[in-house]
Number of protein chains: 2
Amino acid sequence: MATTEAPAEPLSIGEVAERTGLSVHALRFYEREGMLVGPVQRTAGGRRRYTTVDVEWLLICVKLRESGMPLADLKHFAELVRHGPGNEAERLQLLDAHQQRVEAQIQALEECRSIIAWKVGIYAENLARGEAGGLWDPTG
Amino acid sequence: MATTEAPAEPLSIGEVAERTGLSVHALRFYEREGMLVGPVQRTAGGRRRYTTVDVEWLLICVKLRESGMPLADLKHFAELVRHGPGNEAERLQLLDAHQQRVEAQIQALEECRSIIAWKVGIYAENLARGEAGGLWDPTG
DNA sequence: CTACGAGCTAGAGCAGGGTCTAGATCAAGT
DNA sequence: ACTTGATCTAGACCCTGCTCTAGCTCGTAG
């Protein structure tokens, strides 16, 4: 993945916020909480300079969070990566467990979807044939 | 739906907790917060007695919550149902909006899933051929 | 030089969604 | 009658995951 990429200018926190969708607050928060793999570089004046690698990691974080990984797990994963080679099995296990949770959640959502679709169908149908139908039960 | 069902014994809060997966605390909380359509019946001694209809509504609540509907929306929906006929269009709109959020969420999860699957694949592969591979980049 | 926006830190605050506690009551078994 | 376990109410508390504030500094454009 880190093959043919130009080193590229490091980015400010605001720029990283833009491209990750995280707020600058969240970025600082993640850093404080140890969700990053390495320390972020700073300018002479103390401003953060994010490298491409940093941003890539953050993008992964965003995906993992979006798919429901708790910050604690994310932190754990970051720790494993930070401590370098030797714990790959554990990393794999963590990701794998998460993957299974994601699968399960997709399943659950699909089930919900079909229930909702069914309800929506009933409402639409009843509305279409003039809201007179007497079968508005208290179950919604 | 409420066609050929036996009236069945009303259930205690604990029994309802069991069959909905909600805690008794959550059940009382939902009730306080107005997430139920009608008031729950009580015994002479003040204990709650849930009817089949109550439980069905709760099961719907669980599904809606599972699929990410905020309590505020659920409450709104309950209010609409409580106020009986005349607001079906609004109920439909609410459900429909939720349905779209669910669709979007499924999409997002599927994207995450494939990213994770890809990472898992890389780890598995590298582990399989002896953890010596030198390409453990800091991106995880 | 000076302004003004972006960044900095530490820490307080907030929203959502319950969970837990205390102290009392109910109900069922022995 | 007594013990035990489930419920009751009101309200305090908790956890997660940020978000916001205050007061200060950087750095770039006029």
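Just the heavy atoms: all of them, side chains too, but no hydrogens, waters or symmetry mates, feed the values below. If you're wondering where the values come from, they're calculated on a predicted model, not measured in any experiment. Numbers restart at 1 for each chain; the letters A, B, ... are given by sequence-line order, proteins then strands.
Each of A:Ser12 and B:Arg47 was assigned the nucleotide of DNA chain C with the nearest heavy atom; the assignment lying further toward the 5' end belongs to A:Ser12. For B:Gly68 and B:Thr43, each mapped to the nucleotide of DNA chain C holding its nearest heavy atom, the one lying further toward the 5' end belongs to B:Gly68. In terms of position along DNA chain D, the nucleotide closest to B:Gly46 lies nearer the 5' end than the nucleotide closest to the other residue of the pair B:Gly46 and A:Met69.
Rounded to an integer number of Å, the gap from A:Arg42 CZ to D:dC26 C1' is 13 Å. Taking atom CZ of B:Phe29 as the reference point, atom P of D:dC15 lies 17 Å away to the nearest angstrom. When rounded to the nearest whole Å, the span between CE of B:Met35 and C1' of C:dG16 equals 11 Å. Remark: P of C:dT19 and NE2 of B:His25 are 7 Å apart, rounded to the nearest angstrom. Rounding to whole angstrom units, CD of residue B:Glu31 and C1' of D:dT9 are separated by 11 Å. For the pair A:Leu74 CG and D:dT16 P, the interatomic distance rounds to 14 Å; values are reported in whole Å. When rounded to the nearest whole Å, the span between CD of A:Glu33 and P of D:dT19 equals 14 Å. For the pair B:Arg65 CZ and C:dG16 P, the interatomic distance rounds to 11 Å; values are reported in whole Å.
The side chain of A:Arg28 contributes an N or O atom lying less than 4.0 Å from OP1 or OP2 of C:dC8. Phosphate proximity of D:dT9 to B:Arg48: present, with a side-chain N or O under 4.0 Å from OP1 or OP2. Not one side-chain nitrogen or oxygen of B:Arg32 sits closer than 4.0 Å to the OP1 or OP2 atom of D:dT9. Distances shown here put every side-chain N or O of B:Tyr30 at or beyond 4.0 Å from the OP1 or OP2 atom of C:dG17.
Note that CD of B:Glu66 is 9.0 Å distant from CD of A:Gln105, once rounded to the nearest 0.5 Å.
B:Ile115 and A:Val55 are members of different hydrophobic clusters when ILVMFWY side chains are connected at heavy-atom separations under 4.5 Å.
Salt bridge present: B:Lys63 and A:Glu111 bring a charged side-chain N and a carboxylate O closer than 4.0 Å. The pair A:Lys75-A:Glu33 fails the salt-bridge criterion, with no side-chain N (NZ, NE, NH1 or NH2) lying under 4.0 Å from an Asp/Glu carboxylate O.
Two rings, from A:Tyr30 and A:Trp57, have their centers 6.0 Å or more apart.
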